[in-house]
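These notes are about the structure you will find just below.
Proteins come first, then strands; the chains are lettered A, B, ... in the order of their sequence lines, and each starts at number 1. FYI, side chains are in, hydrogens and waters are out, and symmetry mates aren't considered; it's all heavy atoms of this structure. Quick caveat, the model's predicted, so the values are computed rather than measured.
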Amino acid sequence: MAEPAPRQGSAKIIPIKEDVLYEAQKKIYARSVSGIFATWRWIFVWFTQILFYGLCWVEWNGRQAVLFDLVERKFYILGLVFWPQDVFYLAVLLIISALALFLFTAVAGRLFCGYACPQTVYTEIFMWVEKLFEGDRAARMKLDAAPMSARKLGLKSAKHLAWIVIGLWTGFTFVGYFTPIRTLMHEVVSWQLGPWQIFWILFYGFATWGNAGFMREQVCKYMCPYARFQGVMFDPDTLIVTYDTERGEPRGSRSKKSDHKAAGKGDCVDCSICVQVCPVGIDIREGLQYECIGCSACIDACDQVMDKMSYPRGLIRYSTEHALKEHWGAREIVRHIARPRTLLYGSVLSAIVIAAAWALAVRVPLKVDVIRDRAALAREVEGGRIENLFRLQVMNMAEEPRRFALSVTGMDALQIASERIVEVPAATTQSVSVRVRAEPDAGKRGSNRIYFEVRALNHDDVNVREKASFLLP
Amino acid sequence: MKQMIWILWPSFVVGGIAETIFFTLFDPQDLQIFGVQHEMSRVAIYSIGFFLFWLMAAGSSAFTCFIQRRADAPYRCPLPACDRPLGCPKREEGGT
Ligand code: SF4
Ligand code: SF4
């Protein structure tokens, strides 16, 4: 909580620690920066955004390659089709993502936050737009402080217009992953969007605009659960953005020519550039803070300062707690990447990935549900035989129409009296009613276990056995 | 503002999870409302469902926030001590 700034003249002030209705938020004017890590950040922005904006337009087998079709209740990912029954794979995917996050965090801190998190990526894009219209840090601060004028209004509206366009396109793309994007585009152009589609495009667009334009670092600080529990994945061998206190302190300004070592000064020239570039507005020189998203902007910034001063780079750098203490070099740090924690995360992760890949590879693209006809339990038909009625839901999960042969086993002389071949179109569910007959003395009175077997014609490995019960009076 | 975030944000996440689980298990077309077959599209049901889940979770968050407030909260001064008017006894002694 913000502590109220003591006012001069007021007697003793006890800061109020709780129930402050809102925290006065200082707007952060991050200065833009260039350098190795900034380049990497932009590479990731391009990579993730080309993937996000582009993937929904890719075709596969005459349909959208990646489509989470909510209306049809089917998820298409390249050659695979997932049904609601496949929720198991979704759970596995979540576990894999979580473990990968643990592993990356243990090795190199908040890599995800700094480079791949949508919050960071969109903030980066929006800040770039902001800089385009309003200039860099100093110019923006001046503009915000200035009274409203035609120029200010123009710049601000142009910026917001650009932001809104990006937001809307993002919202459109997002919805395009849930309803086929080409149809959606067509509906947009011909002004025929359904109310819910309009709503979700606006909703997501608004969220993008708000999060990347205004909330920015506050999302990381106050809303993101990952930021709060990152600490448990860190250890003294985790690579983090750190300031080399030993080398930098005591900080202080100096002229370039002076011999600062002789004057008892460290390498930090106290120019505060590292604070100005920080998107979350912290001072890395105070040590690791939970707000730091590991974006490395301060590394790039400080390296430039060091270059100017002709000091060696790396006053702020990726390092580990141990390395700083023991003065390790890069090789020693790399050697400590393999340690019990990372090995554990890594082996569990690879085991699950392999198991999931195997499960996917041997997945049978056919599912059958057997439902007893509740209206008619068992009835006698010609020849004194007993007939039971079943309803089979045959799900053909392959993307081609298939013919399936039905058979029953489990009792003597059990027999299907209805159609024994069903044809199911590609990726659909067909419901067939099946009449099964047995001799009245083939089993005990009441329920008898039987098995339905469904086998794809021409694809012998595609078969499913489902149990059911046959009633004898 | 902070309270709004506390109420709306966790409930948004919970609403999303509840939505996923619920509609993975149930097809909107199979649902009946008061025993009557509805005629809404799946997308409409998904959307309405999501907002209902969100609303319910938000209700729970709001309730938590409410009972977390101190019982005397309505009688406390919202201003930090140094911002209270001159002459206010609580300006000098601080407190709430
Ligand atoms: S302290 Fe450095 S790495 Fe951390 S968020 Fe700020 S600029 Fe990025
Ligand atoms: S950028 Fe480097 S030299 Fe400048 S204040 Fe930060 S740590 Fe010190």
Side-chain angles (χ1 to χ4, degrees), chain A residues 1-25 68-75 82-91 94 175 178-179 184 193-200 203 207 210-211 214-215 218-219 221-225 429, chain B residues 1-14 17 19-30 40-51 54 65 68-96:
Chain A
M1 304 245 161
E3 297 193 5
R7 227 184 244 178
Q8 262 157 19
S10 55
K12 105 180 174 273
I13 289 166
I14 299 164
I16 300 171
K17 285 270 186 214
E18 52 170 333
D19 282 0
V20 178
L21 286 184
Y22 60 92
E23 185 165 18
Q25 193 66 46
F68 308 107
D69 197 332
L70 293 179
V71 174
E72 299 289 328
R73 291 174 71 76
K74 256 170 253 159
F75 287 3
F82 293 96
W83 297 52
Q85 288 82 351
D86 290 319
V87 63
F88 162 74
Y89 293 99
L90 178 71
L94 289 179
V175 175
F178 297 96
T179 50
L184 196 67
L193 275 181
W196 285 110
Q197 286 159 332
I198 297 179
F199 172 79
W200 285 113
F203 187 89
N211 281 340
F214 299 95
M215 304 283 287
Q218 298 179 57
V219 173
K221 274 160 68 175
Y222 305 122
M223 290 161 70
C224 178
T429 306
Chain B
M1 179 67 187
K2 233 173 161 185
Q3 289 240 343
M4 287 309 272
I5 293 183
W6 283 341
I7 294 172
L8 291 181
W9 170 240
S11 53
F12 180 83
V13 176
V14 171
I17 297 172
E19 163 99 354
T20 314
I21 296 176
F22 185 84
F23 287 113
T24 302
L25 298 177
F26 302 99
D27 182 344
Q29 304 287 272
D30 297 342
M40 281 179 276
S41 72
R42 280 201 177 115
V43 174
I45 298 277
Y46 289 138
S47 308
I48 294 167
F50 172 71
F51 283 105
W54 189 8
C65 277
Q68 238 196 1
R69 288 200 318 181
R70 288 171 43 165
D72 60 354
Y75 309 109
R76 299 168 82 197
C77 175
L79 296 174
C82 57
D83 285 346
R84 290 175 193 160
L86 287 170
C88 166
K90 291 206 171 175
R91 178 186 158 94
E92 304 305 319
E93 30 185 275
T96 52

Rounded distance (nearest 0.5 Å) linking atom CG of A:Leu90 with atom CD1 of B:Ile21:
10.0 Å

Audit row: B:Phe50, A:Phe203, ring-ring contact (aromatic ring centres under 6.0 Å, His included) steps and yes/no
CA-CA 13 Å; B:Phe50 172 71; A:Phe203 187 89; 7.1 Å; no

Is it the side chain or the backbone of A:Trp83 that comes within 4.5 Å of chain B heavy atoms, both, or neither?
neither

Where does B:Phe26 contact chain A at under 4.5 Å (heavy atoms): side chain, backbone, both or neither?
backbone

From CZ (A:Phe88) to OG1 (B:Thr24), nearest 0.5 Å
14.5 Å

Segment of A:Phe178 engaging chain B (4.5 angstrom heavy-atom cut-off):
neither

How close do B:Val43 and A:Trp196 get, heavy atom to heavy atom, and via which atoms?
CG1-CB, 3.7 Å

Please report the closest heavy-atom contact between A:Arg73 and B:Phe23, naming both atoms and the distance.
NH2-O, 2.7 Å

